[in-house]
Amino acid sequence: MPEAIDPHLAGPLADYADLRDVELRKSLEAEHGLFIAEGEKVIRRAVAAGYPVRSVLLTPRWAEPLADLLDTLEGRVHIVDDAVVEGLTGFQVHRGALAAMERLPLPSVEEILSGRASFPERAAPEPGIRPRRVLVLEDLVDHGNVGAIFRCAAALGVEAVVLSPRCADPLYRRSVKVSMGAVFAIPYARMTDWYVGLAELREAGFQTLALTPDQSATPLDRVAMADRVALLLGSEGDGLSSRWLREADEPVCIPMSPTAMGLGVDSLNVVAAAAIACHGLMRAG
């Protein structure tokens with residue numbers, strides 16, 4: 001079992017600095033190709049998905065539950081007290097264990113849609129299996145929402161997620177934490193060009209359905225779905241862009257209660273909408 005280290009040894013712990021500073025973390029993690037996994041369950045899921053471990057930072061009480069993993073990480077395990085963890089990260093880490101992980105190369109949208117993407121040791125479709133039900137996220141900026149949507153998509157059987165260029169990072173710490181590691185269980189890719197993004201989906205044979213709160217759109221459970229369907233979800237505030245709404249094959253909605261509509265409750269938050277829509281998408285599939 002690793003020994004506790006000098007709490008002032010900052011070098012090996014730089015990966016964990018100021019985890020609440022979003023802009024700092026985005027630049028730091030992009031520069032060093034890393035992300036942070038928080039909590040025993042999430043760390044184990046990241047390791048099982050094939051992400052290499054740079055280091056682990058934990059408090060003494062988590063040494064025993066993680067002993068089997070820590071024994072394979074000689075020289076990369078740092079055991080410190082709660083005050084040191086809080087001082088480094090900027091907040092109290094309730095789950096008591098953090099791991100700095102190396103990012104894997106992200107496949108292209110074409111590789112994901114064609115089934116040519118490979119994921120070493122990852123619980124994802126084997127190469128050659130083309131996804132039939134895909135979720136497409138346009139410009140969601142809240143990391144917690146992105147993580148929660150990945151959890152919904154993975155739990156309900158959606159086979160892949162495509163992100164617009166400006167969508168929040170699924171491997172940002174809060175996304176990973178909220179998803180409970182579901183970001184490791186479902187293949188995803190990021191568009192390089194938002195302007196032609198839907199054209200790429202159509203070329204791959206996908207019917208594109210644009211989810212909107214507009215109740216004049218076709219209810220999702222009444223849509224005649226093709227063999228391959230991509231469901232588009234828009235940003236937390238404005239929803240889908242007018243361009244994507246126009247370009248999609250069909251706008252669809254989740255029917256709302258007329259009584260609630262009369263009282264001004266005319267929409268769902270994006271995570272609730274995603275959960276309902278994923279269920280409808282997979283049920284139809």
Side-chain angles (χ1 to χ4, degrees), residues 35-51 95 99 101 103-109 111-164 167-191 201 204 206 209 211 220 225 228-234 236 254 268-285:
F35 70 93
I36 300 295
E38 180 179 349
E40 179 188 1
K41 185 177 293 187
V42 172
I43 292 171
R44 290 187 182 279
R45 287 178 177 174
V47 171
Y51 290 94
R95 288 181 171 87
M101 316 289 297
R103 291 178 182 249
L104 297 174
L106 199 62
S108 68
V109 172
E111 288 173 327
I112 287 286
L113 299 183
S114 67
R116 292 193 297 107
S118 61
F119 303 91
E121 304 177 29
R122 175 180 296 200
E126 294 293 328
I129 298 178
R130 302 193 313 159
R132 296 178 57 244
R133 295 292 184 264
V134 170
L135 208 57
V136 186
L137 307 184
E138 184 191 32
D139 294 357
L140 274 77
V141 297
D142 185 281
H143 293 96
N145 284 346
V146 169
I149 290 171
F150 264 80
R151 188 173 184 181
C152 294
L156 294 169
V158 172
E159 296 156 302
V161 176
V162 175
L163 310 174
S164 73
C167 192
D169 178 14
L171 292 186
Y172 183 74
R173 180 185 60 87
R174 180 160 174 76
S175 297
V176 175
K177 179 180 178 181
V178 171
S179 81
M180 288 300 295
V183 294
F184 310 132
I186 182 167
Y188 72 93
R190 188 179 293 275
M191 294 175 177
L201 288 162
F206 279 87
L209 302 179
L211 190 65
L220 184 60
M225 293 192 186
R228 306 187 84 190
V229 182
L231 181 68
L232 318 179
L233 292 177
E236 293 86 352
I254 297 169
L268 296 161
N269 71 49
V270 69
V271 174
I276 295 169
C278 286
H279 181 267
L281 185 69
M282 298 312 299
R283 189 176 178 190

Participant: Does CZ in Arg174 sit with more than 12 non-hydrogen atoms of other residues, nucleotides or ligands closer than 6.0 Å?
Facilitator: no
Participant: Under the side chain to side chain contact (heavy atoms under 4.5 Å, CB included) rule, what do Val141 and Glu236 come out as? Steps first, then yes or no, please.
Facilitator: CA-CA 8 Å; Val141 297; Glu236 293 86 352; 3.7 Å; yes
Participant: When you look at Lys177 and Glu38, which way does the salt bridge (charged side-chain N to carboxylate O under 4.0 Å, His left out) test go after all the steps?
Facilitator: CA-CA 6 Å; Lys177 179 180 178 181; Glu38 180 179 349; 3.7 Å; yes
Participant: Kindly compute the distance separating OH (Tyr51) from CZ (Arg45), expressed to the nearest 0.5 Å.
Facilitator: 14.0 Å
Participant: Taking all non-hydrogen atoms of both residues into account, name the closest pair between Phe150 and Ile186 and its distance.
Facilitator: CD2-CG2, 3.3 Å
Participant: Atom CG in Leu106, atom CG in Leu163: separation rounded to 0.5 Å?
Facilitator: 7.5 Å
Participant: Heavy atoms only: give me the nearest Gly115-Pro131 pair and the separation to one decimal.
Facilitator: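 Closest heavy-atom pair between Gly115 and Pro131: N-CD, 4.4 Å.
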Participant: For side chain to side chain contact (heavy atoms under 4.5 Å, CB included), just list the numbers for Val109 and Leu113, CA-CA rounded to whole Å, side-chain angles, deciding distance to a tenth of an Å, and then say yes or no.
Facilitator: CA-CA 6 Å; Val109 172; Leu113 299 183; 3.7 Å; yes
Participant: Looking at side-chain heavy atoms only, is the closest gap between Arg190 and Cys167 below 4.5 Å?
Facilitator: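 Answer yes - side chains close enough.
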Participant: State, yes or no, whether a side-chain contact exists between Val136 and Met191 at a heavy-atom distance under 4.5 Å.
Facilitator: yes
Participant: Measuring from Arg116:CZ to Arg130:CZ, what's the distance to the nearest 0.5 Å?
Facilitator: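 Between Arg116 CZ and Arg130 CZ, I get 12.0 Å after rounding to 0.5 Å.
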Participant: I need the His143 NE2 to Leu171 CG distance, nearest 0.5 Å.
Facilitator: 10.0 Å
Participant: Does the plane of the ring in Phe184 sit parallel, tilted or perpendicular to the ring in Phe35? Use 30° and 60° as the thresholds.
Facilitator: tilted
Participant: Could you tell me whether the side chain of Ser175 and the main chain of Asp169 form a donor-acceptor pair under 3.5 Å?
Facilitator: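 Yes.
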Participant: Are the side chains of Val162 and Leu137 in contact, using a 4.5 Å heavy-atom criterion?
Facilitator: no
Participant: Ignoring hydrogens and geometry, is there a side-chain-to-backbone donor-acceptor pair from Arg151 to Met180 under 3.5 Å?
Facilitator: no
Participant: Report the distance from atom CZ of Arg133 to atom CZ of Arg228, rounding to the nearest 0.5 Å.
Facilitator: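 Going from CZ on Arg133 over to CZ on Arg228, the span is 10.0 Å.
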Participant: Side-chain contact test, heavy atoms from C-beta onward, threshold under 4.5 Å: evaluate it for Tyr188 versus Pro170 and give yes or no.
Facilitator: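 SC-SC contact between Tyr188 and Pro170 confirmed.
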Participant: Side chain of Glu138, backbone of Leu233: donor and acceptor closer than 3.5 Å?
Facilitator: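 Side chain of Glu138 to backbone of Leu233, a donor-acceptor pair under 3.5 Å: no, none is there.
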Participant: Step by step, would you call Leu268 with Ile254 a side chain to side chain contact (heavy atoms under 4.5 Å, CB included)?
Facilitator: CA-CA 9 Å; Leu268 296 161; Ile254 297 169; 4.2 Å; yes
Participant: Using the side chain to side chain contact (heavy atoms under 4.5 Å, CB included) rule, take Val134 and Leu231 through it: C-alpha gap first, then chi angles, then the decisive distance, then the call.
Facilitator: CA-CA 6 Å; Val134 170; Leu231 181 68; over 6 Å; no
Participant: Looking at every non-hydrogen atom in both residues, tell me the closest pair between Leu104 and Ala49 and how far apart they are.
Facilitator: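 Taking Leu104 first and Ala49 second, the nearest heavy atoms are CD1-O, 4.4 Å.
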Participant: Checking Ser164 side chain against Asp139 main chain: does a donor-acceptor pair fall under 3.5 Å?
Facilitator: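 Yes: the side chain of Ser164 pairs with the backbone of Asp139.
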Participant: Using every non-hydrogen atom in the two residues, find where Ala274 and Ile149 come nearest and quote the distance to one decimal.
Facilitator: CB-CG1, 3.8 Å
Participant: Ignoring hydrogens, what is the shortest heavy-atom contact between Ile43 and Ala37? Give both atom names and the distance.
Facilitator: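 Looking at all heavy atoms of both residues, the closest pair is CG1-O, 3.8 Å.
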Participant: For Leu156 versus Ala275, what's the shortest heavy-atom pair and its separation?
Facilitator: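 Of all heavy-atom pairs spanning Leu156 and Ala275, the closest is CD1-O, 3.4 Å.
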Participant: Within this structure, what is the CG-CG distance for the pair Leu281 and Leu220, rounded to the nearest 0.5 Å?
Facilitator: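 If I round to the nearest 0.5 Å, the distance is 7.0 Å.
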